[in-house]
J.: 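Here you go, one structure.
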Amino acid sequence: MGAITPGPVNVLAIRHGAAAGRLTALAYVLGASLSYALVVWLMGRGGAWLLREAWAVQGARWLGAAYLLHLAWRIATAPPMALAGPAGAPRHVAWAALAALQDGGLTQSLNPKAWLVALSGIGLFVLPQEDVTSALGLFCAVSLLACALGVGCWALAGRLLARALAPPARQQGLNRAMGALLALSVASMLG
């Protein structure tokens, strides 16, 4: 359920969908989804101890918040760009896709909501099973698919909005709104 709800990863997905080519948007979705599956696996392999350590929880919380606020600022102040236009040179597209893959992975791995949702899912669906190892593998696969679908929907929404956002003033308005929404989601996590 958490994969489709608004949050930092999905706010950035809509921006990637609107501003980037298909490959770059797909790379962002893949990075976020693989990162979430890794978070689920780590929590299933004993990461619950991390949540019992107050220093670790606070450190992760503030590190994640700082990174997400940095992204919010970058989004809000981003200059207008050609949306859904022709792709650049293949080398440029490959570098942009690699950067988007990294952005998706880092944003998801530093998202406290991802860690808490993963831990909840492990407690509900994995630990009660007789064969915890098999249940964890299945839950990781389902989590990967659910995240790809949820984040992909947000990227697709951004792609569909690209024409409406082609004028620079509208794009700057979206950038500011997305940056503000991301900052608000960080504030709600800290509050």
J.: Can you name the one residue among L124, V126, L144, V132 that meets side-chain contact (heavy atoms from CB on, under 4.5 Å) with F139?
T.: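 It is V126, the one option of L124, V126, L144, V132 that forms the side-chain contact (heavy atoms from CB on, under 4.5 Å) with F139.
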
J.: Any side-chain heavy atom of V29 sitting closer than 4.5 Å to one from W154?
T.: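 No. Closest side-chain heavy atoms not under 4.5 Å.
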
J.: Compare every heavy atom of Q129 with every heavy atom of A135, then report the nearest pair and how far apart it is.
T.: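 Minimum heavy-atom separation between A135 and Q129: CB-CG, 3.6 Å.
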
J.: Side chains of R45 and L136: does their closest heavy-atom pair fall under 4.5 Å?
T.: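 R45 vs L136: side chains touch.
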
J.: State the CG-OG distance between L30 and S35, to the nearest 0.5 angstrom.
T.: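 Rounded to the nearest 0.5 Å, the CG-OG separation comes to 10.5 Å.
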
J.: Side-chain contact test, heavy atoms from C-beta onward, threshold under 4.5 Å: evaluate it for V117 versus V39 and give yes or no.
T.: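 A side-chain contact under 4.5 Å is absent here.
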
J.: What are the two closest non-hydrogen atoms of A97 and T24, and how far apart are they?
T.: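 Closest approach of A97 to T24, heavy atoms only: N-OG1, 3.8 Å.
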
J.: Which pair of non-hydrogen atoms, one from A32 and one from C147, has the smallest distance, and what is that distance?
T.: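 Of all heavy-atom pairs spanning A32 and C147, the closest is O-SG, 3.9 Å.
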
J.: Could you work out the complete set of other residues in the hydrophobic cluster of L149, with links drawn between I, L, V, M, F, W and Y side chains under 4.5 Å apart?
T.: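 In the cluster with L149 are L145.
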
J.: Apart from L160 itself, what residues make up its hydrophobic cluster, given side-chain heavy atom links below 4.5 Å?
T.: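 L156, all in the cluster of L160.
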
J.: For A72 and G179, work out which heavy atoms get closest and say how close.
T.: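 Heavy-atom minimum between the residues: CB-O, 3.4 Å.
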
J.: Each residue besides V142 in its hydrophobic cluster should be listed here, by chain and number; the cluster joins Ile, Leu, Val, Met, Phe, Trp and Tyr at side-chain heavy-atom distances under 4.5 Å.
T.: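 Direct or chained contacts put V142 with L138.
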
J.: Got N111 and Y36 here, is their nearest side-chain heavy-atom distance under 4.5 Å?
T.: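 N111 does not reach Y36 side chain to side chain.
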
J.: Measure the spacing between CG of L181 and CD1 of I75 and express it to the nearest 0.5 Å.
T.: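 The CG atom of L181 sits 9.5 Å away from the CD1 atom of I75.
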
J.: Roughly how far, to the nearest 0.5 Å, is the CG atom of N175 from the CZ atom of R15?
T.: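 So the CZ of R15 and the CG of N175 are separated by 4.0 Å.
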
